Every structure is written in C-alpha cells, then in structure tokens.
Amino acid sequence: MTETEIRETIIRGLSLIAPEADFEELLPTENIREELDIDSFDFLNFLIGLNENLGVDIPEDDYEKLVSLDDLIKYLSTRIH
Amino acid sequence: MADFIMPSLGADMTAGLLVAWRVEEGDHVENGDIIAEVETEKGVFEVEVYASGLVEKLLLQPGSDKVPVGTVLATINTGSAETTARPLETDTRLRVSPIARKMAAEKNIDLSLVKGTGPQGAICLADVEAGSGRGPKEKVSSSPIELKKTTDFQAGMRQAIAAAMSLSNREIPHYYLATDIDMSNALNWLKEQNRNRSIKQRLLPVVLSLKAVAKTLTKIPELNAIWVDGQLQLQKEIHIGVAIALRGGGLITPAIHHVDQLDLDQLMAALSDLINRTRTGKLRGSEMTDAGITVTNLGDLGVQTVYGVIYPPQVALIGLGKISERPWAENGMLGVRQVLTATLAADHRAGDGLLGAQFLDALNKCLQEPENL
C-alpha cells in the first residue's frame with residue numbers, strides 16, 4: 001500500500017468520527033485528537049476501523065505515539081503486510 | 001382503559017413532536033413495546049408504552065406541531081387485564097413538586113384535575129402549565145397548542161439544557177465533595193486485561209469507574225434516588241445516566257440500565273452502543289427517564305475537577321476528571337501516581353456531607369480492587 005492510500009484510509013476513518021471536519025485544513029503535524037475534538041471512545045472506534053481496513057492491530061502502549069497524521073502514516077506503513 | 005400520553009423525557013421537556021407511530025389501531029401492545037417516535041430539542045427518541053392491550057384509537061397524527069407533555073396521544077384498551085403501568089406508590093396523596101404547587105396556587109388550578117407526568121405520576125411544573133388552559137371535563141383538544149418552533153436544532157438543545165440547569169440551580173441546594181483516587185492499581189490491572197484482548201474488546205478506564213459507582217451504590221443506595229414532592233424515593237434498580245457530548249454542541253444524559261448486573265465487557269459494549277445511538281439519534285424514551293444518578297466524565301480533556309449541576313429529579317452527580325500523573329505522598333515518601341479526582345455534587349435535602357463522604361470513600365476503595373469489579 002502506498003503512503004497516499006494509507007493516508008486516504010486514515011482520512012476516511014476520521015471522517016466517520018468527525019464528519020463535519022475539514023480535512024484539507026488538517027496539517028500533517030497537528031495533534032489529531034485535539035484538532036478534531038476526538039475523545040477516547042472515538043479514538044478507539046477509529047483504531048478498530050483501521051484494524052478492519054488495514055489488518056493492523058495497534059497495542060495500547062502505542063496509542064500515545066499516534067499524535068499526528070504523519071505519526072499514523074509512518075506507524076502503519078511499517079506494519080502493513 | 002389506559003392513555004398513552006406525550007411523555008416527559010427529562011426535567012427540561014415541556015413539549016414534544018409526534019414524529020411517527022410504530023403501531024396501528026387494533027395492534028396488540030405489551031408493556032415496554034415501542035409505540036411511537038417523539039422529537040424534542042434533544043433529538044428523536046423511541047418511546048415505550050406502559051400498558052398492555054389493544055391500541056384503540058390514535059388521537060393525534062404525526063405533524064409539524066409540538067404538543068405539551070401530558071397530552072393524550074392514544075388510548076389503549078386494556079380489557080379486563082390490570083393496566084401494567086409503572087408501579088405507583090399505594091400512598092394516595094397527590095404527588096406534586098413544590099414549584100408546581102406554587103404555580104397552581106398562583107393560577108388557581110385544581111391540582112386533582114392535572115395529569116402528572118413526572119416520576120410515578122408526580123405532577124411537575126410542566127403539567128401545571130399544560131393544565132392551566134383546561135376545564136374540568138375537557139379532554140385535550142385535537143388541535144395542538146402552537147408552540148415556538150426552533151428550527152435551529154442547536155439553539156433548541158441549548159434552550160432545553162438552560163431550562164434544566166436553571167431549574168436545578170433554583171430548586172436543588174447543592175453541596176460538593178471531591179476526593180483524589182490513586183488509579184495505579186486499576187490502570188495496571190486494566191493494562192494487563194487489555195494486553196490479552198483484541199482491539200475490539202479492549203476496556204476503557206471509564207468503564208471501571210462506572211462499575212465502581214454502581215457497586216458503591218449497592219452499599220450506599222441513598223444517592224441512587226429521586227426527589228419528588230419533598231420526599232426521597234430510592235430507586236430499586238441501578239440505572240446510571242452518562243453525560244454524552246454531541247458533536248457541534250449539546251449534551252444528553254441517557255441511562256445504562258442495571259449497571260450493577262453487567263460485567264466489564266458487557267458494560268463497555270453497552271456504553272459504546274449508547275454513545276453510537278446517541279450520536280445517530282436512536283435513543284429510547286426509557287433511557288431518558290430511568291437514571292437514578294448521572295456520571296459525567298470530562299477525563300479526556302484537561303479538566304482535573306468537575307463541579308457539576310445535578311439533573312433533576314436526581315439527587316446526585318458524579319464528576320470524573322482527567323487521570324493524570326501527580327505527586328503522591330504516602331508512608332512519609334513522595335512518589336508519582338496516576339490520580340483521578342472524583343467529585344460528588346449532591347442534593348442537601350436528600351442527605352448530608354457525611355453520606356457523600358462515605359460514598360466517595362467507598363468508591364475509592366472499590367477502585368483499589370479492580371479485579372472485584
């Protein structure tokens with residue numbers, strides 16, 4: 001999967017949780033949870049979505065590494081088979 | 001014969017819009033069946049009927065006009081069977097809220113003619129306001145009273161919340177207590193649990209707190225109660241309201257039923273389901289009315305301590321702040337622990353500080369033993 005495809009999957013997942021957000025405006029280094037006002041339930045649902053779409057199971061200890069879009073893309077691209 | 005009336009889906013609700021019927025005339029209904037969909041400022045809800053029998057007449061058609069809480073919407077022929085309405089006290093004294101009694105006196109309204117829609121048939125302010133236009137033998141007219149339409153949903157919700165919070169502040173003498181809870185044990189235990197779980201089954205810390213609240217209420221039931229007509233009415237079952245924020249603004253506090261009987265996995269699933277249905281507008285009437293206490297969790301934001309406003313007619317609100325690393329002194333030594341500040345806002349008519357302190361103390365002890373939750 002290319003980085004662009006990964007990014008698209010991430011944005012699609014985020015848009016399910018924050019449908020009113022403008023993803024064009026979201027900078028790749030911004031804190032996603034703060035910018036999109038996502039709580040812990042939303043975040044968990046988002047990760048479950050990623051698990052279903054990309055087959056990547058993200059352990060709890062890694063949640064704090066996933067702050068920005070860049071973080072997510074980098075993390076996922078090394079783990080997708 | 002039983003009446004199905006426009007229900008009150010919260011202390012702030014004065015009127016509702018009948019959106020759809022889920023039954024037809026002649027259908028058989030059982031106590032607890034969904035009979036209609038009603039829209040309020042808080043959204044659309046599936047409403048249950050509390051009688052069993054045949055739907056005799058649907059008196060109102062779904063339309064664009066709201067009708068006051070208490071308006072008879074349909075009649076149910078219960079036949080020779082007893083109406084299985086919600087259990088009423090055998091005490092025949094008229095249950096009226098103090099503010100309703102005051103307004104009735106001011107407007108010269110005979111309370112025995114007013115239909116009560118509050119808990120267990122209690123007459124609340126909305127009932128008196130609705131009844132102020134009616135004469136003794138008059139049934140509610142078929143042309144509903146024109147009420148101000150709020151086309152902006154957010155504005156409508158804010159109005160409803162403002163009304164409820166003002167009412168709460170006016171009527172309920174709040175007292176506040178706070179306690180810091182060391183969540184190290186609980187979080188370590190949770191981490192271990194989640195390590196063995198797939199992502200779909202992982203538990204969030206709030207689930208531990210909710211279960212702990214339920215468990216504590218089995219020991220201190222006075223805070224799982226409603227205040228009606230100057231009396232404390234303990235709730236037999238533990239249904240906990242959860243404050244859920246809506247995207248774009250607004251707050252709803254639907255209840256999870258029988259929290260004490262759910263294990264942590266079931267509770268996580270129930271909470272998840274409730275949050276999803278809240279955000280997609282698929283809540284049920286019973287979820288809006290059955291809570292005996294509410295928990296508000298602002299832990300995802302940076303808020304350490306929550307001083308909340310009790311949602312009438314409940315008598316308590318538990319506030320959970322953010323679990324954060326804080327310096328912690330114990331046994332003469334200083335360390336760092338994961339700490340949660342839990343607050344209790346309680347109705348001083350229903351109990352005093354000692355009761356509240358006992359509750360928070362018991363809650364703390366519960367959370368020190370997560371394996372027993």
Side-chain angles (χ1 to χ4, degrees), chain A residues 1 6 9-26 30-68 71-81, chain B residues 153-154 187-210 242-251 256 265 267-281 295-303 320-325 338 340:
Chain A
M1 242 198 181
I6 296 176
T9 311
I10 293 171
I11 300 283
R12 244 181 294 127
L14 288 175
S15 62
L16 287 176
I17 292 163
E20 75 296 331
D22 185 346
F23 292 99
E24 305 294 305
E25 294 271 315
L26 183 68
E30 276 180 320
N31 182 323
I32 298 179
R33 273 177 268 190
E34 275 176 24
E35 280 306 305
L36 301 177
D37 196 15
I38 289 177
D39 67 23
S40 52
F41 254 100
D42 293 331
F43 194 63
L44 187 59
N45 282 337
F46 165 64
L47 294 182
I48 289 173
L50 286 182
N51 177 236
E52 281 170 2
N53 289 319
L54 301 174
V56 180
D57 193 313
I58 303 172
E60 251 194 333
D61 292 331
D62 288 350
Y63 290 179
E64 52 189 21
K65 296 183 190 154
L66 308 170
V67 177
S68 68
D71 292 335
L72 270 166
I73 296 174
K74 215 166 31 168
Y75 183 92
L76 291 169
S77 51
T78 58
R79 284 170 176 78
I80 295 177
H81 307 295
Chain B
F153 178 70
Q154 295 303 332
L187 291 179
N188 286 336
W189 181 85
L190 195 60
K191 220 178 199 176
E192 273 311 305
Q193 287 290 312
N194 280 341
R195 213 161 262 156
N196 303 328
R197 284 158 194 269
S198 74
I199 195 167
K200 286 200 187 79
Q201 270 125 19
R202 279 181 209 153
L203 306 171
L204 287 175
V206 65
V207 169
L208 293 180
S209 302
L210 282 175
V242 182
I244 297 173
L246 298 178
R247 295 204 72 84
L251 186 73
I256 300 179
D265 292 285
L267 186 52
M268 178 75 185
L271 183 55
S272 202
D273 173 59
L274 195 69
I275 292 174
N276 285 333
R277 280 190 295 113
T278 299
R279 297 204 175 135
T280 53
V295 173
T296 180
N297 178 28
L298 288 176
D300 286 327
L301 304 170
V303 173
L320 304 174
K322 187 177 178 65
I323 301 178
S324 57
E325 273 193 343
Q338 295 276 18
L340 163 70

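Since the structure is predicted, the reported quantities are computational estimates derived from the model, not experimental observations. For the numbers below, each heavy atom of this structure counts, side chains included, while hydrogens, waters and symmetry mates do not.
- Annotation: side chain to side chain contact (heavy atoms under 4.5 Å, CB included) contacts of A:Asp39 (sequence neighbours excluded): A:Phe41, A:Asp42, B:Arg279, B:Asp300.
- Among residues 188-197 of chain B, the residues having any heavy atom closer than 4.5 Å to a heavy atom of chain A are, in sequence order, B:Lys191, B:Asn194, B:Arg195.
- A:Asp57 meets the salt bridge (Lys or Arg N to Asp or Glu O under 4.0 Å) test with B:Arg202; sequence neighbours excluded.
- For A:Asp37, the parts lying under 4.5 angstrom from a heavy atom of chain B are both the backbone and the side chain.
- For a residue to count as touching a neighbouring chain, one of its non-hydrogen atoms must lie under 4.5 Å from one of that chain's; by this rule A:Glu20 touches chain B with the side chain only.
- Heavy atoms of B:Ile199 lying under 4.5 Å from chain A belong to its backbone as well as its side chain.
- Atom-to-atom distance recorded for A:Arg33:CZ and B:Leu301:CG is 12.5 Å, nearest 0.5 angstrom.
- For A:Leu16, the side chain to side chain contact (heavy atoms under 4.5 Å, CB included) criterion is met by no residue, not counting sequence neighbours.
- The distance from atom CD1 of A:Ile48 to atom CD of B:Gln201, rounded to the nearest 0.5 Å, is 9.0 Å.
- Put simply, the side chain of A:Asn45 reaches to within 4.5 Å of the side chain of B:Asn276, judged on heavy atoms.
- For A:Glu52, the part sitting under 4.5 Å from any heavy atom of chain B is the side chain, from C-beta outward, and nothing else.
- In this structure, the separation between NZ on B:Lys200 and CG on A:Leu44 is 11.0 Å, given to the nearest 0.5 Å.
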